[in-house]
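To start, the structure itself, in structure tokens.
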Amino acid sequence: MSGSVVVDGAPGALTAVTFWCDDPNAPSGGGGRVMTNDKGEFAIGEKDKDTGLPPGNYKVTFSRFVDATGKPVYGGGKKSEAKYEVPSKESIPEPYRDRSLTPVSAQISRSSNTFTFEVSTKDR
């Protein structure tokens, strides 16, 4: 499974993408999390090896930290690592970060899955 994240029309570099299994009967911990690269691209599992997420419906949430200039950075880590991080703030609006509010979902099947997720930080 692979895809990309677009934030306000630009590649969503360094965006954490979390897939939450939408099946109430699924085992605890069903889902996965991946970080996009500097082009906003991600992959879960090996191509054509059936090692990605199990088939099903997923809610998808996003998180991305930016520095004072708006450049994406690694952030939101452990307090013990805070002195090594660039000061940053969350740039993704709450509805996209909250599993119960997100408007984004994905239907994952056993066949090839490629997604493009578009996120807007602007008021609707």
Side-chain angles (χ1 to χ4, degrees):
M1 181 181 111
S2 63
S4 63
V5 175
V6 176
V7 178
D8 296 331
L14 303 181
T15 302
V17 184
T18 306
F19 293 84
W20 304 90
C21 187
D22 209 19
D23 180 356
N25 298 319
S28 177
R33 183 176 185 160
V34 65
M35 182 71 77
T36 63
N37 63 18
D38 61 349
K39 296 176 185 171
E41 303 164 334
F42 67 87
I44 296 179
E46 294 180 66
K47 185 175 174 119
D48 301 323
K49 300 262 184 174
D50 199 22
T51 58
L53 298 174
N57 294 316
Y58 292 80
K59 292 286 193 176
V60 186
T61 58
F62 307 87
S63 176
R64 181 172 79 157
F65 287 84
V66 296
D67 66 14
T69 67
K71 178 183 174 188
V73 295
Y74 289 103
K78 299 174 185 170
K79 286 184 179 182
S80 63
E81 298 171 352
K83 65 183 176 184
Y84 303 109
E85 292 182 2
V86 174
S88 61
K89 67 176 184 170
E90 176 63 63
S91 67
I92 303 294
E94 182 179 5
Y96 289 106
R97 296 189 327 256
D98 188 317
R99 167 183 184 175
S100 62
L101 299 175
T102 184
V104 182
S105 60
Q107 171 69 42
I108 296 175
S109 65
R110 290 209 184 280
S111 61
S112 178
N113 291 288
T114 304
F115 299 94
T116 299
F117 298 117
E118 296 191 24
V119 176
S120 174
T121 62
K122 313 286 190 258
D123 290 336
R124 297 178 183 208

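Values reported hereafter were calculated over all heavy atoms of this structure, with side chains retained and with hydrogens, waters and symmetry mates removed. Along the sequence shown, residues are numbered consecutively beginning with 1.
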Measure the spacing between [atom1] of [X] and [atom2] of [Y] and express it to the nearest 0.5 Å.
{"X": "Tyr96", "Y": "Ser120", "atom1": "OH", "atom2": "OG", "answer": "5.5 Å"}
{"X": "Arg33", "Y": "Thr18", "atom1": "CZ", "atom2": "OG1", "answer": "4.0 Å"}
{"X": "Thr102", "Y": "Arg97", "atom1": "OG1", "atom2": "CZ", "answer": "11.5 Å"}
{"X": "Phe19", "Y": "Ile108", "atom1": "CZ", "atom2": "CD1", "answer": "5.5 Å"}
{"X": "Ser109", "Y": "Leu53", "atom1": "OG", "atom2": "CG", "answer": "11.5 Å"}

Just wondering, do [Y] and [X] contact through their side chains at under 4.5 Å, heavy atoms?
{"X": "Val66", "Y": "Lys89", "answer": "yes"}
{"X": "Glu90", "Y": "Ser63", "answer": "yes"}
{"X": "Asp22", "Y": "Tyr58", "answer": "no"}

query = Phe115 and Ile92: same hydrophobic cluster, using ILVMFWY side-chain contacts below 4.5 Å?
reply = yes

key: Val104-Ile44 co-clustered via ILVMFWY side chain contacts under 4.5 Å   = yes

remark   = Closest non-hydrogen atoms of Ser88 and Val73, given as atom of the first, atom of the second and distance, are CB-CG2, 3.6 Å

ask   = What heavy-atom pair brings Pro72 and Ala13 nearest, and what distance separates the two atoms?
value =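 Closest approach of Pro72 to Ala13, heavy atoms only: CB-O, 3.5 Å.
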
Glu41-Ser2 side chain donor-acceptor pair, cut-off 3.5 Å =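 Looking only at side-chain atoms, Ser2 and Glu41 do not form any donor-acceptor pair under 3.5 Å.
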
N/O donor-acceptor pair under 3.5 Å between [X] side chain and [Y] backbone:
{"X": "Asp98", "Y": "Glu94", "value": "no"}
{"X": "Ser91", "Y": "Arg64", "value": "yes"}
{"X": "Asp8", "Y": "Thr121", "value": "yes"}

Side chain to side chain contact (heavy atoms under 4.5 Å, CB included), paired with Thr36, selected from Phe62, Phe42, Phe117 = Phe42

